[in-house]
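Presented below is the structure to which this report refers.
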Amino acid sequence: SYSSVSLNSIQGQWKISKVTQTDEDSKRKLFPYKTLDLTSSLSLSTISLTLNTTAGVPSTFAVNYGTAPSVFKISAGNWQLDDINKPGKLWLINGVDTVKFTLGAYSMLDNKKLLLKQVKSLSGTAMITYDYEFSKN
């Protein structure tokens with residue numbers, strides 16, 4: 001069982017270290033599915049994500065894409081967690097746009113790593129999963 005996580009370990013400035021794309025549809029059909037590492041081909045390691053807190057709760061965020069494409073489509077706004085003590089989901093919100101992620105293992109945070117998973121669905125069925133691995137300096 002996992003305990004709660006400190007918000008201090010999630011807040012701060014993160015830089016992408018690795019991004020992989022998994023074809024969930026092929027996986028379901030038992031095809032030899034591919035997990036592709038997109039990090040270098042799309043210059044994704046130039047992306048940094050800053051998660052700020054105010055009075056002990058998530059507040060604003062900023063994404064600097066560097067030379068990479070704008071993979072999250074938004075670059076600033078507010079971020080939220082589904083549960084401040086035992087978060088499972090993290091959202092980046094800008095007006096009506098929300099980018100939804102599932103948090104990876106808490107143990108990674110101890111090593112200054114943050115894993116955010118994003119699932120792209122079609123009609124409610126997971127088609128592609130993106131795993132964004134961030135590192136903190």
Side-chain angles (χ1 to χ4, degrees):
S1 73
Y2 56 83
S3 60
S4 62
V5 65
S6 154
L7 195 60
N8 284 336
S9 58
I10 298 178
Q11 72 167 8
Q13 186 170 21
W14 297 92
K15 205 160 178 56
I16 284 188
S17 47
K18 187 177 183 188
V19 179
T20 56
Q21 172 187 305
T22 304
D23 185 330
E24 298 294 341
D25 197 43
S26 294
K27 206 155 115 178
R28 266 193 305 279
K29 293 173 179 164
L30 303 177
F31 292 159
Y33 67 92
K34 290 272 189 282
T35 293
L36 299 173
D37 187 329
L38 305 176
T39 321
S40 53
S41 60
L42 297 176
S43 305
L44 298 176
S45 54
T46 63
I47 297 175
S48 66
L49 168 66
T50 304
L51 299 172
N52 299 307
T53 54
T54 304
V57 294
S59 58
T60 58
F61 78 87
V63 182
N64 182 332
Y65 292 102
T67 56
S70 149
V71 289
F72 306 135
K73 311 266 192 295
I74 54 178
S75 54
N78 293 295
W79 66 287
Q80 287 179 2
L81 297 169
D82 59 340
D83 181 327
I84 198 106
N85 296 311
K86 294 186 176 176
K89 300 195 182 318
L90 182 150
W91 298 290
L92 300 180
I93 303 161
N94 179 309
V96 295
D97 297 316
T98 300
V99 187
K100 301 174 181 178
F101 298 103
T102 303
L103 278 170
Y106 289 167
S107 56
M108 293 179 70
L109 289 165
D110 297 335
N111 299 317
K112 297 195 176 202
K113 287 193 182 300
L114 172 69
L115 179 64
L116 297 178
K117 287 177 170 290
Q118 183 183 36
V119 179
K120 299 272 179 148
S121 298
L122 185 66
S123 308
T125 304
M127 298 305 279
I128 296 175
T129 299
Y130 293 97
D131 287 291
Y132 296 94
E133 191 178 299
F134 293 85
S135 299
K136 201 184 258 188
N137 300 338

Under the 3.5 angstrom rule, does the side chain of Thr39 hit a backbone N or O of Val19 as a donor-acceptor pair?
yes
Approximate separation, where rounding is to 0.5 Å, of Ser17 OG and Ile47 CD1
11.5 Å
Quick one: does Thr20's side chain have a donor or acceptor within less than 3.5 Å of a partner on Thr35's backbone?
no
OG1 of Thr53 to CZ of Phe61: how many Å apart, nearest 0.5 Å?
15.0 Å
Do Ile128 and Gln21 come within less than 4.5 Å of each other through their side chains, counting heavy atoms only?
yes
For Phe134 and Trp14, take the angle between the two ring planes, folded into 0 to 90°, and tell me which bin it lands in: parallel under 30, tilted 30 to 60, perpendicular over 60.
perpendicular
Under 4.5 Å between side-chain heavy atoms, hopping through other hydrophobics if needed: is there a path connecting Leu81 to Ile93?
no
Hey, does the side chain of Lys136 reach the backbone of Leu109 with a donor-acceptor pair shorter than 3.5 angstrom?
no
Quick one: does Ser135's side chain have a donor or acceptor within less than 3.5 Å of a partner on Lys112's backbone?
no
Same hydrophobic cluster for Ile74 and Leu90, using side-chain heavy-atom links shorter than 4.5 Å among ILVMFWY?
yes
What's the spacing between Gln13 CD and Thr50 OG1 if we round to 0.5 Å?
4.0 Å
Here the gap from Asp82 atom CG to Lys100 atom NZ, rounded to the nearest 0.5 Å, amounts to 11.5 Å
Side chains of Thr60 and Asn52: donor-acceptor distance under 3.5 Å anywhere?
yes
When you compare the side chain of Leu103 with that of Leu114, does any pair of heavy atoms fall below 4.5 Å?
yes
Of all the heavy-atom pairs spanning Ser43 and Ala68, show the shortest one and how long it is.
O-CB, 3.3 Å
Lys29/Asp25 ion pair, N-O < 4.0 Å
yes
Do the side chains of Leu92 and Val57 join up, straight or via other hydrophobic residues, at under 4.5 Å, putting them in one cluster?
yes
Decide if atom NZ of Lys18 counts as having more than 12 heavy atoms of other residues, nucleotides or ligands within a radius under 6.0 Å.
no
Can you hop from Val119 to Leu122 via hydrophobic side chains spaced under 4.5 Å?
no
Quick check: is Tyr130 connected to Val71 through a chain of hydrophobic side chains (ILVMFWY, heavy atoms under 4.5 Å apart)?
yes
Thr22 versus Lys27: any side-chain heavy-atom pair under 4.5 Å?
yes
Heavy atoms of Gly56 and Leu7 approach each other most closely as O-CD2, 3.2 Å
Taking all atoms of both residues into account, what is the closest heavy-atom pair of Ala126 and Glu24, and its distance?
O-CB, 3.5 Å
How far apart are the C-alpha atoms of Arg28 and Met127, what are their side-chain angles, what is the distance that settles it, and do they pass the side-chain contact (heavy atoms from CB on, under 4.5 Å) test?
CA-CA 9 Å; Arg28 266 193 305 279; Met127 298 305 279; 3.8 Å; yes
Heavy-atom pair of closest approach, residues Tyr132 and Gln118:
OH-OE1, 3.3 Å
Write down the atom of Pro58, the atom of Trp79, and the distance for their closest heavy-atom approach.
CB-O, 3.3 Å
Nearest non-hydrogen partners of Asn85 and Asp83, listed with the distance:
N-OD1, 2.8 Å
Hey, what do you get for CD (Gln80) to OG1 (Thr98), rounding to the nearest 0.5 Å?
8.0 Å
OG1-CD1 distance between Thr46 and Ile16, expressed to the nearest 0.5 angstrom
8.0 Å
For Lys113, does its backbone N or O pair with a side-chain atom of Asn111 as donor and acceptor, under 3.5 Å?
no
